[in-house]
Amino acid sequence: MKVVKFGGSSVANATQLRKVADIVLDDPERKVVVVSAPGKRSSDDVKMTDLLIELAGKVIGNEDYDTALSAVMDRFREIIQELELSEDLTETIQKNIQYIISSHESAEWTLDALKSCGEDGSAQILSAYLQSKDVKAAYVNPKEAGIIVSDEPGQAQVLDESLEQLYKLHEREGILVVPGFFGYSKEGRLVTFPRGGSDITGSIVAAGVKADLYENFTDVDSVYCVNPNIVSNPKQITSLTYKEMRELSYAGFSVFHDEALIPAFKAKIPVCIKNTNNPQAPGTMIVAENEAGYGRVTGIASDKGFLTLYVSKYLMNREIGFGRRLLQILEDENISFEHAPSGIDDMSVILREEELYGEKEERILARIQEELDVDMVNIERNMAMVMLVGEGMNSTIGLASQATRAFREAEVNIEMINQGSSEVSMMFGVDAEGMERVVQYLYREFFE
Ligand code: ASP
């Protein structure tokens, strides 16, 4: 059994939904389908979820919501009419929305319940469209499917008991269409995942039914080995491991939120990223192990917006607890750090720039100076991280020298190297100004 998930652009209009149906029907193993809400039809369009959030804002603020409601319903109506489905479906969707609006529940519930209507509508439309083609298909609400989540509105997390429930989907016949993005708490309350959360639904359903493959359809042919905005027409990655995917998405690679894949990873379900607009392309496989790719660079990730908090103190290496106390100061300020390379007399902590500003920054610098009695503490902003990712690369002779050659040729100074103990990545801190240039040279070095 395969679980197939389609993102917002794949269900944005009737043309896209027809492609979705063709893809589903093309392979009899594609039995469970998870859908997002209709996404943007063009770059200046608005996603259905954003229309619904706007509607919720009006309802919660006791404002006139007619225009916002019409914007939502017009989009659903257009899709339903173009697919030549019954008007009753438009009415069913509208009634559900009206019911939520008139329930006068808490603001949190109203927002979550309205947000869920995008995915819910997509799933109802797709199952009705499949039925109109004489295919045995059914809409399955997440409650019925058994997606049980924590009661954190807008931030739900899937609870483990979902897995057992979801396995029961095997007992059902035909194609099952499940809306993404929301589940139900143990008390039966509708709760949504964070934005982009339909991927979480896809992944948990794939894990629950123990799928042979989880296919995630988006609008790109595959995962690229480098950001296509930096290198034009970069090579596609045909296969990578979960660990590589995680490292790549950490540093600015955004095919989708890597955390969403965790349930599939844990259950060791292979994942394939494919393109709804070009389903014949092989896509990118994400697997638990990939021996063929061991010891090579799989991708280059890069991201700007980092700063280094640099601390130096003579004989730091003999001072037990220094690192802990430094990190404790950050913890007290609720700051999460990214990396912390250290030497004998110094330690750098790399943070996202937005973590440190204004008074908070002054307070932290003063505490470090006083409590740790350091010789020097300073902050360097405007840094970028460039990361080479590939399992086993750190134990492969010569890769680091290839990398540093690219830095030399690009004339970009390496301010920091962090190879760490992970076998998966090698990270370089550079001035943001040189990031794009060095990424292009690294691409040439490793992929051309
Ligand atoms: N529709 C939701 C959003 O726009 C969830 C998703 O598409 O994955 O964030």
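This one's a predicted model, so the numbers in the text were calculated from it and none came from an experiment. For ligands, and for the atoms within them, numbers begin at 1 and follow the listed sequence.
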Contact partition for Lys47 relative to ligand 1, non-hydrogen atoms under 4.0 Å:
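Side chain only; the backbone of Lys47 stays clear of ligand 1.
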
Would you call [X] and [Y] a salt bridge, taking side-chain N to carboxylate O under 4.0 Å as the test?
X      : Y      : result
Arg363 : Glu333 : yes
Arg437 : Glu433 : yes
Asp112 : Lys115 : yes
Arg195 : Asp50  : yes
Glu361 : Arg381 : yes

With heavy-atom distances below 4.0 Å as the criterion, list the atoms of ligand 1 near Arg195.
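Result: 3 (C), 4 (O), 9 (O).
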
Atoms in ligand 1 with a heavy atom of Ser36 nearer than 4.0 Å:
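Those atoms are 6 (C), 7 (O), 8 (O).
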
Test log, rule ring pair (Phe, Tyr, Trp, His ring centres under 6.0 Å), inputs Phe6 and Phe217:
CA-CA 5 Å; Phe6 292 92; Phe217 279 82; 4.9 Å; yes

So, is Lys5 polar-close to ligand 1, with some N/O to N/O distance under 3.5 Å?
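No; the residue has no nitrogen or oxygen that sits under 3.5 Å from a nitrogen or oxygen of the ligand.
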
Give yes if a backbone or side-chain nitrogen or oxygen of Phe181 is under 3.5 Å from a nitrogen or oxygen of ligand 1, and no if not.
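N/O-N/O distance under 3.5 Å: no.
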
What about the rings of Tyr242 and Phe265, do their centers lie closer together than 6.0 Å?
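For Tyr242 and Phe265, the ring centres are under 6.0 Å apart.
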
Check if [X] has a non-hydrogen atom at a distance under 4.0 Å from any atom of ligand 1.
X      : value
Glu119 : yes
Gly8   : no
Gly180 : no

Residue and atom name of the nearest protein heavy atom (relative to atom 6 (C) of ligand 1), distance in Å to one decimal:
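For atom 6 (C) of ligand 1, the nearest protein heavy atom is Ser198 OG, 3.4 Å.
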
